[in-house]
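Note sheet for the following structure.
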Amino acid sequence: MLEEVREAAECKTDYHDCYRKVNRLIRDNDKRLAAAFDDPRRSNAFLLLANIIAEGLLSAEELKQFSQEAQARIKTIQELR
């Protein structure tokens with residue numbers, strides 16, 4: 001993400017357009033990360049974990065530390081996408 005922002009911020013002409021691009025990138029990424037980390041509750045923990053995995057922030061090895069039931073529920077969520 002930082003590389004994307006850096007590229008969008010390299011302006012030579014229309015600085016306002018560059019600002020809008022950077023702002024849009026940050027806003028879009030913030031929405032994605034919010035889906036993975038906002039509103040942590042037991043009732044949506046498996047959904048949040050599936051989102052964290054989709055973002056590449058939890059490895060398969062780390063997922064193995066969860067119970068078989070948790071892994072199965074997360075896998076079901078991933079398959080429904």
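Since we're looking at a predicted model, the values are computed, not measured. Numbers here are sequence positions counted from 1.
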With [X] via side chain to side chain contact (heavy atoms under 4.5 Å, CB included) - residues at least two apart:
X   : value
T13 : none
E3  : R6, E7
E61 : S59, K64

Would you say the side chain of R81 lies within less than 4.5 Å of the side chain of N51, judging by non-hydrogen atoms? yes

Just grab all the disulfide (SG to SG under 2.5 Å) pairs involving [range], residues at least two apart or on different chains.
range          : value
residues 50-81 : none
residues 4-81  : C11-C18
residues 31-60 : none

Partners passing salt bridge (charged side-chain N to carboxylate O under 4.0 Å, His left out) against [X] (at least two apart in sequence or in another chain):
X   : result
E69 : R73
R20 : D17
R27 : none

Starting from L63 and following side-chain heavy-atom contacts under 4.5 Å between hydrophobic residues (I, L, V, M, F, W, Y), which residues can be reached? L33, F37, F46, L47, L49, I52, I53, L57, L58, F66, I74, I77

Other ILVMFWY residues reachable from L80 by side-chain steps of under 4.5 Å: none

A8 and L25: which non-hydrogen atoms are nearest, and at how many Å? CB-CD1, 3.7 Å

Got a sec, which pairs hit salt bridge (Lys or Arg N to Asp or Glu O under 4.0 Å) with one end in residues 28-53, sequence neighbours left out? R32-E55, D39-R41

Rounded distance (nearest 0.5 Å) linking atom NZ of K21 with atom NE2 of H16: 12.0 Å

